[in-house]
Trainee: 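Dropping the structure in here first, questions after.
Keep in mind that the numbers below use all heavy atoms, side chains included, and drop hydrogens, waters and symmetry copies. By convention in this document, chain letters (A, B, ...) are assigned in the order of the sequence lines, proteins followed by strands, and residues within each chain are numbered from 1.
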Amino acid sequence: MNQISPVQADTAPKAPRPDLRRVDCDPDFWYPVAWSADLKKDKTLAVSYAGTPIVLVRPEEGSVFALYDRCPHRQVPLSKGTVNGQTVRCCYHGWAFGRSGRCIDVPYLGKGKLPNGVRTFPVREAGGLIFIFPGDPEKADTVPFPKLAQTDNPKYKTKHFSPRVNCHYTFMHENLMDMNHQFLHRRQMGQIKARFLGQDKGENFIEARYSFMRCAGQQPLAERLIFGKHKDLQGKEQPVEEVVTIRTEYPYQTLRITDKDGDLIMDLWTAYVPVDKEQRVTQSFGLLSILRPQTPLLIDLIWPALGWFTNRIFLEDKEIVELEQAAWNEVGHDRNVEIFPVVVGLRELLARCGIAHDDDTRPDTKPAAPATAPTTA
Amino acid sequence: MNQISPVQADTAPKAPRPDLRRVDCDPDFWYPVAWSADLKKDKTLAVSYAGTPIVLVRPEEGSVFALYDRCPHRQVPLSKGTVNGQTVRCCYHGWAFGRSGRCIDVPYLGKGKLPNGVRTFPVREAGGLIFIFPGDPEKADTVPFPKLAQTDNPKYKTKHFSPRVNCHYTFMHENLMDMNHQFLHRRQMGQIKARFLGQDKGENFIEARYSFMRCAGQQPLAERLIFGKHKDLQGKEQPVEEVVTIRTEYPYQTLRITDKDGDLIMDLWTAYVPVDKEQRVTQSFGLLSILRPQTPLLIDLIWPALGWFTNRIFLEDKEIVELEQAAWNEVGHDRNVEIFPVVVGLRELLARCGIAHDDDTRPDTKPAAPATAPTTA
Amino acid sequence: MNQISPVQADTAPKAPRPDLRRVDCDPDFWYPVAWSADLKKDKTLAVSYAGTPIVLVRPEEGSVFALYDRCPHRQVPLSKGTVNGQTVRCCYHGWAFGRSGRCIDVPYLGKGKLPNGVRTFPVREAGGLIFIFPGDPEKADTVPFPKLAQTDNPKYKTKHFSPRVNCHYTFMHENLMDMNHQFLHRRQMGQIKARFLGQDKGENFIEARYSFMRCAGQQPLAERLIFGKHKDLQGKEQPVEEVVTIRTEYPYQTLRITDKDGDLIMDLWTAYVPVDKEQRVTQSFGLLSILRPQTPLLIDLIWPALGWFTNRIFLEDKEIVELEQAAWNEVGHDRNVEIFPVVVGLRELLARCGIAHDDDTRPDTKPAAPATAPTTA
């Protein structure tokens, strides 16, 4: 039960179609692009979705709006401009645009029709995040908005994360889903061994459930403060009774931990938002909700340690997924040989729900010399 | 009169042919490449015109000469070499070349014919600048040499500018010609509104005339010292009686200010010289002549303030034209929607007088996702 | 005898086939990739041959082994992993590989066949260097292993050099072989003039012999300490009686100096190892053996001065060969016009023994504007 069968173990490396690193995110979803706190009243904020420049504008009164961040006149960023009432005015020649994207003033223009305006993006604000809908605006109202961890539940305290990682968003999904990578964090988390409990999947999701065994090493302080002290069984493997459920429900990912009573003690929600057109840079946004302990002050006491602990682990993950991207860049195609069925299923999900490129043979990504050779058994 | 009709306001964005940012400078003109003061006797100076490396050599006696800056032997820069009399000697194996470009010595070569020499460029020195003629040398004598502001007139004091800007030279012409961009300099120049007085054009030039109105804000000190204090009309718009004439006479540009008596009080001459082969980096050379005031010392007193003032304004222009180039790079073609007839005419002039590329579809500049959308009126 | 005939002096520059800078090193030789001292027991070291990532592993017991430095699972570098006995374990999910390249453990894998392993490289350690055989492993045993200067001779003391140079390896061979480039080192070595004594060549080697004349200037201290003080003949040219023999015996290069009695006083062995796939970055490894003087302590006294002196000279060579590579990059093909028969022969040797690319027309290396023009005689 705690080990998997090697379904693909004897498969020679080959480039699957489509190459998963050439599958773009489906834009017909709500994606976070900024923290609410980073956009002040009467100010603009320049953000990006997959190479599309977007200006967020928060007027003195009313909700945030989002425009294509290039003035149609000379293509300079509207985010460099000034906000007046419900309009943003380009810093260069002073053209002004409203929240509908319409051009409403060219200061030196006489009578006659005003120039064309700019594209707009549907905006929603929730859980401390500003979301835009980069795809077909007509779908914005019907596409489900995600549940954002426990940001609306006072029993939980929620931490914000937003690291930028130089890799394709799919590496992020695979990294978190495959808990066998605890070996990577052996210095931070002691020698934990993941125990795979089972999986579940559907049209737009896949989830894996794990428990953990501690093989050796000390339990780190931050971990103990969150989960409580494990019983010491004279050096034997001690089953940790929490269950970890990792779920990619396209395009988001969650990691939830329930204790032995089935209570949700940790709830992580993340989105991986492509920054550049090639989608090789990912802006992550994470909401990590922790159940407040009985002792009210304890959560505040452990909060800094929790931040330090999760950051240390995250830096290891960032390094490794960026090395995966670098290896992909070297040869220009995906060579992963996956043997873990959950990850195989996740990869199928991401390929199915995303938008595959057709240019599989860009000139800058020619295959390198043969990298692997069969070995004798 | 002070407002224009929206000739192109309802035109959808399209890529004109030729794309103005793929039009190279015509090399059959005299271009400045260095300040005279930066080339000492018996020294070399490495410069560049549109990716062509050029070494300037100033012998102890005689005029400056210019050679292709690669030794024909192993292509290392001759500018790294030594100057002896009328020759420059390559630093590597000591091959020597005269001002005619001819190879006149290979130290370790026996009898027999010397190797081929290097290409030369016609050189002229004037107004504190060293000019070369990068095109067909046979045309150098007949192509008119520009008038360099008031560098030869003792009634004026002349300032030197030579900023390098990361954009195509055509952005520089458009920036200066369109005085409606005073909005960009609102923090430096108060709220000045340009009043368009008229234009004039011909085969190889276009010029626009403006006066300025102050809408609000204080007149900056440096501006007041140059133009005198404007009459205060109790907060009303005060017509500034100077006339500003901006003229692109291919390939140079001038900005001249005359006072209410028609006297020339400021005369700016600029050249925008492409540095790299793609012509996306521009080395500007500017000569700014200011009429010396009646009080002889005044010009020296205001000189530092003038430098500070013009530099602040220039930095805003540099930022904005580099943003324009960056936006062009993103999509790989020109999307400007121009509504100001003078700039439309300027763009036609620059396209007509320059040399259009034929490779309009480089692989590194693929169009991005659609950027603008029609808006309801 | 001391001057050469201008065999190619009147040849117009043209791109020879194959372009020497598109000729890759032949991988069927032993190449050094690291110093032995840089790989500790139970540690890994990431190196590279022509863009192929290689991990060197030194177990606690037994010899160094070399694997392709990418885990076949997710392509992260095995060099980031841990060494246990005769295996290296990937840092990410803990897959383990033995010295045969075979995958010997996947911690979370149940019964069944283990995944494929990774490519291995034959390894040898000698003269303080770790060598790998990047080509066909079957040839490793029969291809001759080089003689490494005088590293095995106690009469000599050997210095290690390993500069990385941003140029194609062929520039390094040409630089050292053509002693007429002493002009480059005029500040370091006084005004030495090379006297060409003759050459010798065969299927896989070429060698040139020189003596040196001092035309003017003082003999540097370090040079005097190595070679002894030259007799002062009242300012006349003083024949230096040492003979310098430079030999490229593919793919290595040596420079040997014998004194007037024919004794070998200096023996330099170098290898130029391509780092990147394009082979435009070269990792040099040099062993410089100096005959210990009669006075035993003298060699230790001059050792620091010798290091300083050779380093100063090397920095000049590094700058010049990188300028050669930069000039090649500008135009995308080789324009060298060689007139020195030894270098012409060396270029033929390197083209003959290396592996020519077939992609002579990469899009990123389009020819620039014409660079040279015939000059009148």
Trainee: Which atoms form the tightest heavy-atom contact between B:F171 and A:R74, and what is the distance?
Mentor: CD2-NH2, 3.8 Å
Trainee: Walk me through whether B:F183 and A:T82 qualify under side-chain contact (heavy atoms from CB on, under 4.5 Å).
Mentor: CA-CA 11 Å; B:F183 185 69; A:T82 58; 4.2 Å; yes
Trainee: Where does B:E316 contact chain A at under 4.5 Å (heavy atoms): side chain, backbone, both or neither?
Mentor: neither
Trainee: Kindly state each residue pair satisfying side chain to side chain donor-acceptor pair (under 3.5 Å) with at least one member in residues 23-35 of chain A, sequence neighbours excluded.
Mentor: A:D24-A:H357, A:D28-A:K139, A:W35-A:S162
Trainee: Would A:H73 and B:E338 count as having a side-chain donor-acceptor pair, cut-off 3.5 Å?
Mentor: yes
Trainee: Near A:K80 NZ, under 6.0 Å, is it more than 12 heavy atoms from other residues, nucleotides or ligands?
Mentor: no
Trainee: So for B:D317, is it side chain, backbone, both, or neither that comes closer than 4.5 Å to the heavy atoms of chain A?
Mentor: neither
Trainee: Quick one, B:I339 with A:V106, criterion side-chain contact (heavy atoms from CB on, under 4.5 Å). Give me CA distance, side-chain angles, the key distance, then yes/no.
Mentor: CA-CA 10 Å; B:I339 63 167; A:V106 172; 3.8 Å; yes
Trainee: Shortest non-hydrogen contact from A:Q75 to B:A327?
Mentor: O-CB, 3.3 Å
Trainee: Side chain from CB out, backbone as N, CA, C, O: work out which of these in A:C71 comes under 4.5 Å of a heavy atom of chain B, or both, or neither.
Mentor: neither
Trainee: Taking side-chain hydrogen bond (donor to acceptor under 3.5 Å, both in side chains) as the definition, give me every residue that meets it alongside B:T310, ordered by chain and number, with sequence neighbours left out.
Mentor: none
Trainee: Less than 4.0 angstrom from a charged side-chain N to a carboxylate O is my criterion; do B:E330 and A:K277 meet it?
Mentor: no
Trainee: Out of B:L323, B:N175, B:I320, B:D178, return the one with the most heavy atom pairs under 4.5 angstrom to chain A.
Mentor: B:I320
Trainee: Taking every heavy-atom pair that is under 4.5 Å apart, which of A:A50, A:G94, A:P53, A:G81 has the most such pairs with chain B?
Mentor: A:G94
Trainee: Centres of the B:H181 and A:Y92 rings: under 6.0 Å?
Mentor: yes
Trainee: Give, for atom SG of A:C91 and atom CZ of B:R186, the distance between the pair rounded to the nearest 0.5 Å.
Mentor: 6.5 Å
Trainee: State the NE2-CZ distance between A:H93 and B:F340, to the nearest 0.5 angstrom.
Mentor: 9.0 Å
